[in-house]
Structures are given as structure tokens and as C-alpha cells.
There are 2 protein chains.
Amino acid sequence: MTDDRWEPPVVLLTVDLVILTLRESRLHVLLIERGIEPYQGAMALPGGFLQHPEEDLVTAAHRELSEETDLDAETLRLEQLGVYGDPGRDPRGRVVTVAYLAIAPRLPEPAAGTDAADARWQRVDRVLSGDLELAFDHRRIIADAVERARVKLEHSALATAFCGPTFTITELQEVYEAVWGIPLDPRNFYRKVQKTDGFIVPAGPTRKTTAGRPARLFRAGPREVLHPPMARPTESPSVQGAAP
Amino acid sequence: MTDDRWEPPVVLLTVDLVILTLRESRLHVLLIERGIEPYQGAMALPGGFLQHPEEDLVTAAHRELSEETDLDAETLRLEQLGVYGDPGRDPRGRVVTVAYLAIAPRLPEPAAGTDAADARWQRVDRVLSGDLELAFDHRRIIADAVERARVKLEHSALATAFCGPTFTITELQEVYEAVWGIPLDPRNFYRKVQKTDGFIVPAGPTRKTTAGRPARLFRAGPREVLHPPMARPTESPSVQGAAP
DNA sequence: AGAATAGTGTCTATAAGACACTATCCA
DNA sequence: TGGATAGTGTCTTATAGACACTATTCT
């Protein structure tokens with residue numbers, strides 16, 4: 001259009017992974033310490049360049065997950081979060097990244113994989129507050145991922161992905177409380193979850209906890225989308241910029 | 001890791017635009033007829049390659065919109081829909097596209113711009129049913145865009161973007177009915193919209209319609225996210241793959 | 001027994017949906 | 001006057017949230 005011999009510019013493509021989990025009732029994200037420049041020594045999301053021109057994007061994400069962490073890359077379901085492609089987001093040139101979101105059940109501390117100097121679970125609140133130095137625009141990506149998880153918790157059975165194969169209703173409630181950051185009434189939560197058809201199904205008899213009556217165990221049910229959704233307590237019922 | 005002299009592969013990046021609007025109470029999408037190979041003669045979303053390596057993605061989307069259509073590119077708000085990067089989606093090589101979604105008020109037929117042989121509004125139901133030959137994976141992208149619009153209608157004031165600067169409540173209802181594809185009770189809709197604080201605000205007195213009592217006019221209110229959301233009638237209350 | 005956690009029953013405020021009814025225009 | 005569209009009132013049913021109460025374990 002502009003020139004007779006114009007050629008489309010090329011870009012480098014990376015994939016980045018936001019893996020969220022729950023540890024001690026707090027939301028954590030898996031970060032690695034970068035071993036190479038740029039941002040050497042800073043924390044970053046696991047991820048990396050597309051390996052060859054025919055590699056699928058999700059395949060690349062799974063490959064990076066195996067390479068950089070010891071998580072079971074096969075069982076984690078990855079969901080596309082978005083593209084982050086601001087010019088200048090990477091000092092090496094025009095690097096556009098596709099971010100993926102995954103939810104992991106509570107797991108032992110991950111061992112470092114091959115690529116990363118170190119891979120660790122970090123508290124999301126600390127990461128977002130700016131206490132940690134993060135590479136590239138990864139803080140922004142994590143913030144978007146958390147917001148996405150909050151919304152998905154309302155409308156899908158995502159919460160069960162934070163739990164092990166079986167779980168108690170109280171454990172499920174802790175997922176909601178951690179991700180939403182608010183307390184919920186255990187009694188109302190109990191009935192709400194029970195009557196949302198197909199959300200959870202009974203599994204095994206009971207499990208002893210620290211003290212008190214043992215709780216029944218459940219597994220994730222067949223339903224993926226929740227009707228009706230889990231109602232997140234109504235936020236500020238005021239209008240942002242309204243005139244009276 | 002695989003080789004001493006490994007270099008990251010490069011890809012070509014395009015942006016594509018899904019512009020939705022309402023015409024004769026039906027959802028339409030703006031498509032152009034491709035003037036060049038591949039898929040010459042097929043319909044496609046407006047879009048194209050990044051022009052230079054420093055161009056911002058949203059900027060590129062706005063530029064393509066101006067080049068290929070005569071829509072007012074400045075006022076349309078673009079929202080990122082996702083990345084589509086399957087190897088093989090474009091016969092020219094590894095081309096990854098970033099799709100954007102925009103909602104336009106009812107407008108006169110767009111004239112063809114510079115790039116496109118022709119630009120026309122097409123009924124979404126016809127496009128998705130497969131009557132039209134679409135280039136690349138654009139049918140899939142449009143399907144995702146429509147689903148996104150459906151959800152956004154529930155939780156945001158997006159519906160007003162389909163209307164002109166002022167509109168009647170019945171016009172707003174037609175937006176919901178067209179996008180959701182279901183009829184709504186006008187009386188209940190009327191009160192629901194009215195009591196959703198900050199959604200719409202009165203503007204001017206009334207407007208004469210074809211027949212019957214003139215309707216009051218409204219403008220979009222300050223509120224972007226709706227509390228409570230507009231309830232889309234509950235879908236099939238059955239479980240997909242449940243065992244009794 | 002008492003502490004602690006699991007699970008049930010019940011009341012109230014609110015919202016959704018159905019639908020009869022009134023209001024104001026045009027022909 | 002009748003037809004058509006705009007707007008209101010009211011009833012029924014379902015749900016969220018509050019919270020008293022019962023059940024079952026451990027120490």
C-alpha cells in the first residue's frame with residue numbers, strides 16, 4: 001500500500017504461563033528467577049520463544065511448562081489469556097507474547113527445571129503490590145490473570161481445579177475466599193454448592209480433619225458452566241462518575 | 001538447549017477486526033471481499049499485516065479499519081478478542097493474527113475503502129451457518145466474537161454502543177433480543193433497565209415512532225459494569241454428561 | 001464436658017418473570 | 001373509535017443472605 005516493495009515486518013513470538021495455585025489459603029503464582037539477560041535476576045513468568053515455525057502455540061506453552069517447572073504439564077488445562085505486544089515491552093526487539101492461564105491443585109514445592117535458575121510459588125498479593133521486581137510487563141499479565149480467575153470462578157467449575165482429586169466443601173470454600181479475597185458464610189456456601197447441579201459429586205465417605213466432625217468428600221462433577229453462577233457479593237452499588 | 005546456534009523463529013503478525021452492528025433487528029458483521037490471493041473472492045474480516053516493527057497492535061487495528069472501511073475509526077472502541085495462531089491457518093506461512101472486537105451503532109452502508117474490493121454488512125446467522133465462504137479461520141473468530149458480545153451484554157453497558165447517541169428503551173431491548181437471539185418481556189425489561197443505576201439517563205423528551213405513544217429518549221449512562229447484571233434467561237437446566 | 005468443625009432448618013429481603021392494566025399517540 | 005406502542009402495578013416464585021440449631025468428632 002505504501003510502497004511497491006513493502007514487506008511485512010516480522011516479530012518474535014513467545015508464550016508465557018500464569019500458573020495459579022493455593023497455598024496456606026493464599027493465592028500463589030509460579031515464578032522463575034531469570035538466569036539470563038534481559039532482567040537477569042528478576043522474577044518472571046515461565047515461558048519462552050516459539051521453538052520452530054510450525055509449533056502450535058498451546059504446544060509451545062506445554063513444552064515451556066515441562067522445561068521450566070516440574071509440574072505435570074499433561075494434566076494442566078491451559079486457557080488463552082491474551083496477547084501482550086506493546087513495542088518496547090522487550091529490550092531485545094519486537095517480541096509479542098501470548099499469555100496462558102492455568103490453575104493447579106496444591107502441590108509440593110516445584111523443583112527447578114532445566115532452563116530456570118529457580119522456580120518458586122510466590123504470593124500473588126506480594127507480587128501485585130510491587131514488592132518483587134518482575135521482568136517485562138509480567139506484573140500486568142498476572143493482574144489480568146487474577147481478574148480472569150475471579151470471573152471464571154463465578155461462572156465455571158474452575159474452583160475444583162484448585163483442589164486435589166477429592167476435597168471437602170470447606171476446602172472448596174477456601175478457594176473462593178482466597179481468589180475473591182472475601183469471607184463467605186459456610187452454611188450458605190454449603191447449600192449453594194450442593195444444589196448447583198453437577199458441580200460436585202460425592203466421593204468416598206469422610207475425611208478426618210484437625211478437629212471436629214469429619215467432612216464428606218467430593219469430586220468435581222460433570223458440569224463446566226454453572227447455572228446459576230456462584231454470586232460474588234455485590235460490589236460498591238454506587239456509580240463511578242454519576243451526576244445526581 | 002536444542003542447538004548451539006539456535007535462533008528463535010520469526011512469524012508474521014496480522015490484526016483482524018470483528019465489527020458488529022444491528023440492521024433490521026439482526027446482528028451483522030462487516031466483511032470485505034478479498035481482492036488478492038489467498039482466498040481471492042472469498043469474504044474476510046477487515047485486517048492486515050503490521051506495517052512496521054514499531055507499530056502498536058491497537059494502532060494497527062485502527063489503521064486497517066480506516067483503510068478498509070469508511071467507518072469512523074476514531075470513535076470505535078476496540079477490545080482484544082484473542083490470538084489465532086494455528087500453523088497452517090494461512091497458506092502464506094506462519095501468520096499469527098490478533099483479533100479485535102468492536103461494536104458499531106446502526107450506520108449507512110459502508111463504502112469500499114482503498115484496500116478492499118468491497119465491504120458489506122453480512123447477517124451473522126448466515127455467516128455462521130456456512131452459507132458464505134470465509135477466508136482463513138475467520139468463521140471461528142466471528143463465532144468467538146459473537147459469544148463474547150453475548151456475555152458482555154450481560155455484565156456491561158455494551159448494548160448502548162449498538163445504538164445511536166440517543167435511543168428508546170425499546171431500541172435497547174431490540175439489541176438484547178438480536179444478540180441473545182431470544183424474545184424478552186418489554187414490561188419487565190423496561191423496569192429492569194430503569195432501575196439499573198447509571199445504565200441509561202434521560203435525554204430529550206420523546207421521539208415519534210411509526211405508531212402509538214411516543215417513547216422517551218435516553219443516552220448511555222456513566223456506568224460501564226452492571227450491578228446486578230442483565231439476566232440472560234437460564235439455559236438448559238440439565239447436566240451435559242451426568243450419570244443418574 | 002467442652003471445643004471445634006460439619007451440616008440442616010428457617011426466616012427475610014430482593015429480584016425475576018408473568019401478566020392485567022393505564023397512557024398517549026396515529027389514522 | 002380502534003389499533004398500536006409506551007409505561008405502571010401487582011402477584012408468584014426463586015434466590016441470597018442472615019443466623020439459630022443439630023450432629024459428630026477430638027482432647
Side-chain angles (χ1 to χ4, degrees), chain A residues 25 153-155 163 166-177 180 182-219 226-238, chain B residues 25 153-155 163 166-177 180 182-219 223 225-238:
Chain A
S25 295
L153 230 55
E154 288 188 83
H155 302 282
C163 303
T166 66
F167 49 86
T168 67
I169 289 187
T170 301
E171 285 167 358
L172 190 63
Q173 182 185 340
E174 285 165 356
V175 172
Y176 278 89
E177 293 182 324
W180 285 351
I182 48 168
L184 299 172
D185 185 301
R187 288 115 14 140
N188 292 335
F189 183 86
Y190 195 98
R191 260 179 302 100
K192 171 76 180 184
V193 170
Q194 285 279 38
K195 83 164 58 160
T196 299
D197 218 56
F199 188 7
I200 57 174
V201 295
T206 59
R207 166 194 292 171
K208 66 197 176 318
T209 46
T210 50
R213 178 174 172 173
R216 281 185 276 192
L217 286 175
F218 295 86
R219 284 182 294 102
L226 302 184
H227 293 288
M230 300 292 293
R232 179 155 46 148
T234 46
E235 297 148 37
S236 60
S238 67
Chain B
S25 297
L153 230 54
E154 288 188 85
H155 302 284
C163 304
T166 66
F167 48 86
T168 68
I169 289 188
T170 301
E171 284 167 0
L172 190 63
Q173 182 185 340
E174 284 166 356
V175 172
Y176 278 90
E177 292 182 325
W180 285 351
I182 49 167
L184 299 173
D185 186 299
R187 288 106 26 133
N188 293 334
F189 183 85
Y190 196 99
R191 261 180 298 99
K192 171 76 179 183
V193 170
Q194 285 278 38
K195 83 166 56 160
T196 299
D197 218 56
F199 188 7
I200 57 174
V201 295
T206 59
R207 165 193 293 172
K208 67 204 174 317
T209 46
T210 51
R213 177 174 173 174
R216 282 185 277 192
L217 286 175
F218 295 86
R219 285 182 293 103
R223 186 174 286 279
V225 290
L226 302 183
H227 294 288
M230 300 292 293
R232 178 154 48 146
T234 45
E235 297 148 37
S236 59
S238 67

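None of the values given here were measured: they were computed from a predicted structure. Letters go in sequence order (proteins before strands), and every chain restarts at 1.
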Colleague: Please confirm whether the backbone N or O of Asp197(B) pairs with a side-chain atom of Arg223(B), one donor and one acceptor, at under 3.5 Å?
Modeller: yes
Colleague: Rounding to an integer number of Å, can you tell me how far Leu226(B) CG sits from dA15(C) P?
Modeller: 14 Å
Colleague: Can you tell me how far C1' of dT22(C) sits from CZ of Arg213(B), to the nearest Å?
Modeller: 8 Å
Colleague: Please tell me if Arg232(B) has a side-chain N or O lying less than 4.0 Å from either OP1 or OP2 of dA16(C).
Modeller: no
Colleague: Is a side-chain N or O of Tyr190(B) found less than 3.5 angstrom from the main chain of Ile169(B), in a donor-acceptor match?
Modeller: no
Colleague: Side chain of Tyr190(A) only, please: which of dA4(D), dT8(D), dT8(C) is the nearest?
Modeller: dT8(C)
Colleague: Can you tabulate the close N/O pairs, meaning under 3.5 Å, that link protein atoms to atoms of nucleotides 19-21 of chain D?
Modeller:
residue, atom, partner, partner atom, Å
dC19(D), N4, Asn188(A), OD1, 3.4
dA20(D), N7, Arg187(A), NH1, 3.4
dA20(D), N6, Arg187(A), NH1, 3.4

Colleague: Rounded to whole angstrom units, what separation is found between the CZ atom of Phe189(B) and the P atom of dA18(C)?
Modeller: 15 Å
Colleague: Quick one: side-chain contact (heavy atoms from CB on, under 4.5 Å) partners of Ala203(B), sequence neighbours excluded?
Modeller: Thr166(B), Arg219(B)
Colleague: Below the 4.0 Å mark, does dT5(D) have OP1 or OP2 next to a side-chain nitrogen or oxygen of Thr170(B)?
Modeller: no
Colleague: What pairs with Arg187(A) under salt bridge (Lys or Arg N to Asp or Glu O under 4.0 Å), at least two apart in sequence or on another chain?
Modeller: Asp185(A)
Colleague: Under the rule for salt bridge (Lys or Arg N to Asp or Glu O under 4.0 Å), what residues qualify as partners of Glu174(B), not counting sequence neighbours?
Modeller: none
Colleague: Side chain to side chain donor-acceptor pair (under 3.5 Å) with Glu177(B): which residues, sequence neighbours excluded?
Modeller: Gln173(B)
Colleague: Atom CD of Glu174(B) and atom C1' of dT5(D): how far apart are they, to the nearest Å?
Modeller: 12 Å
Colleague: Out of curiosity, Met230(B) CE to Leu172(B) CG, how far, rounded to the nearest 0.5 Å?
Modeller: 7.0 Å
Colleague: Once rounded to the nearest 0.5 Å, what's the spacing between atom NE2 of His227(B) and atom CZ of Arg232(A)?
Modeller: 8.0 Å
Colleague: Kindly indicate, with the supporting measurements, whether the criterion side-chain contact (heavy atoms from CB on, under 4.5 Å) is fulfilled by Phe218(A) and Glu171(A).
Modeller: CA-CA 10 Å; Phe218(A) 295 86; Glu171(A) 285 167 358; over 6 Å; no
Colleague: Between dT5(C), dT8(C), dG7(D), spot the one nearest the side chain of Arg216(A), thanks.
Modeller: dT8(C)
Colleague: Does OP1 or OP2 of dA15(C) have a side-chain N or O of Lys192(B) closer than 4.0 Å?
Modeller: no
Colleague: If you fit an axis to the five pairs at each end of the helix from dA1(C)-dT27(D) to dA27(C)-dT1(D), how big is the angle between those two axes, to 10 degrees?
Modeller: 10°
